[in-house]
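A, B, ... follow the sequence lines: proteins, then strands. Residue 1 opens every chain.
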Number of protein chains: 2
Amino acid sequence: MSKKNAILLTATHLFAHKGLNNTSMAELSKITGAAGGTIFHHFKNKEDLFLNVINNVKETVTSAFKTYFLEHRFDNGLKMVEGAIMYYLNLAETMEDRFLLLHRHDPYKLAETNSTCRQYLEEIYDCLLDVFERGIKIGKDDGSIQIISTRNTALIIFSMIDGIVRFNTYKLYSAGALYDDLMASCRKILTR
Amino acid sequence: MSKKNAILLTATHLFAHKGLNNTSMAELSKITGAAGGTIFHHFKNKEDLFLNVINNVKETVTSAFKTYFLEHRFDNGLKMVEGAIMYYLNLAETMEDRFLLLHRHDPYKLAETNSTCRQYLEEIYDCLLDVFERGIKIGKDDGSIQIISTRNTALIIFSMIDGIVRFNTYKLYSAGALYDDLMASCRKILTR
DNA sequence: AAACCAACCGAATGATCGGTCGGGTTTTTT
DNA sequence: AAAAAACCCGACCGATCATTCGGTTGGTTT
């Protein structure tokens, strides 16, 4: 693997687990084996490196989501929303680093001053919410879902799942133990 | 107000809005008007100051919650859960600093190595969850709520609300616009 | 009035940080 | 194989950080 890629992956891991400010370039240099100057050769400064990490998160997360819903068919809209929840919980485990990073303040703080960062974040959430929203819309058409507000319900269900993932991350309680009740709750929200 | 109190309140605000590492003791000194040495006279180090801030958050949040539910009566369990949601959303606005801090990684990171911090956080979440759980239990007894798992449902509803508050904080979307649909969703989860 | 003490001050300190620079090495192009 | 380009190195720099320390003040106790 190229030094640049090693730096990017290690930075993703460290930024996710220790935060932007608690990760020093010296540590990054030590772990990757790249000299200090090498990092600044590939990324013009720390913020640029962070931005590249976020971009990488955006690419991997959205493409994983898009691919999954291109390759899978669902009996109806309700099943599709259920599939989205399952896949989101699944991704949060297999892409732990990336979801951890999205639960930190660092990206949102940078987004306040850096429009590129803001755009990356918006693309991620647009992509995720879009799947939920499409599922609900399809469900309303095929009769498996009965609610009024498509957008708001998508937001509510998404933040419910994301809230669970967050508490799971902090080990306040386990997402796995809630799985069945979580699914039941979502079905109740979506159906009469 | 005493210098010590000024330091504590300013630290709460800065830690909440800028994070632990982005808040320097020098800045704290400048804003409060207290000399550098004075801060370390009252708090033995930065971690100790942060711990005192978390303790203060614990005290104010839990006592606000406890007082509210001691002084209010509800027609039934379902109304009590609805009241808990309303009051939680309300507190997240009026105690913005404190809830912002609880949505940062800083407290949970310290909790990994500092058992006092862990205990404070547990007390906060125990207190909040307890209200939801009691409401659900009462609702099951009086018939306004029909579900199987009291604990899990309390956790699910709580993380739904907390997830909304978090997205509201990041200005990804507004909690106010979701209020009606949020309440409707909760009622659906809790009733047949 | 002497002794005491908590509150307070601010200059000084050593460690660490992000970032620079000049020079060496490898790879690609011509 | 010569030239150009891209990659890589690590010593070094100025800024900033948390923390220390010797000393002052004003009120309370003896």
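Ranking C:dA7, C:dG18, C:dG10 by closeness to the A:Ser24 side chain, first place goes to C:dG18.
Applying the side chain to side chain donor-acceptor pair (under 3.5 Å) test to residues at least two apart or on different chains, the pairs with a partner in residues 27-46 of chain A are A:Lys18-A:Glu27. Applying the salt bridge (charged side-chain N to carboxylate O under 4.0 Å, His left out) definition to pairs two or more places apart or across chains, those involving residues 145-165 of chain B are A:Arg166-B:Asp162, B:Glu133-B:Arg151. Note on residues 94-118 of chain A: no pairs pass salt bridge (charged side-chain N to carboxylate O under 4.0 Å, His left out), not counting sequence neighbours.
Note on A:Thr23: only backbone sugar-phosphate atoms sit closer than 4.0 angstrom, heavy atoms only; bases stay farther off.
Taking each heavy atom of B:Thr12 and B:Leu8 in turn, the nearest pair found is OG1-O, 2.8 Å.
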Which pairs, protein N/O on one side and nucleotides 19-22 of chain C N/O on the other, fall under 3.5 Å?
unit_1: C:dG19; atom_1: OP2; unit_2: A:Lys46; atom_2: N; d: 2.7

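The separation between B:Ile39 atom CD1 and C:dC8 atom C1' is 12 Å, rounded to whole Å.
Between B:His41 and the phosphate of C:dC8, there is no side-chain N or O to OP1/OP2 separation shorter than 4.0 Å.
Two residues are said to be in side-chain contact when any heavy atoms from C-beta on lie closer than 4.5 Å; B:Asn90 and B:Tyr87 meet this criterion.
Protein chain B contacts DNA chain D from D:dC17 to D:dC21, reading 5' to 3' and using non-hydrogen atoms of the protein with a distance under 4.0 Å.
In this structure, the separation between CZ on B:Phe132 and CD1 on B:Ile156 is 13.0 Å, given to the nearest 0.5 Å.
Within a 6.0 Å radius of CE in B:Met183, more than 12 heavy atoms belonging to other residues, nucleotides or ligands are found.
A residue-by-residue look at B:Lys4 and A:Ala26 shows that B:Lys4 has its nearest nucleotide of DNA chain C further toward the 5' end.
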Which donor-acceptor pairs under 3.5 Å do the side chains of residues 68-84 of chain A make with protein atoms, sequence neighbours left out?
unit_1: A:His72; atom_1: ND1; unit_2: A:Tyr68; atom_2: O; d: 2.9
unit_1: A:Asn76; atom_1: OD1; unit_2: A:Leu78; atom_2: N; d: 3.1
unit_1: A:Asn76; atom_1: OD1; unit_2: A:Lys79; atom_2: N; d: 2.8
unit_1: A:Glu82; atom_1: OE2; unit_2: A:Arg187; atom_2: NH1; d: 3.1

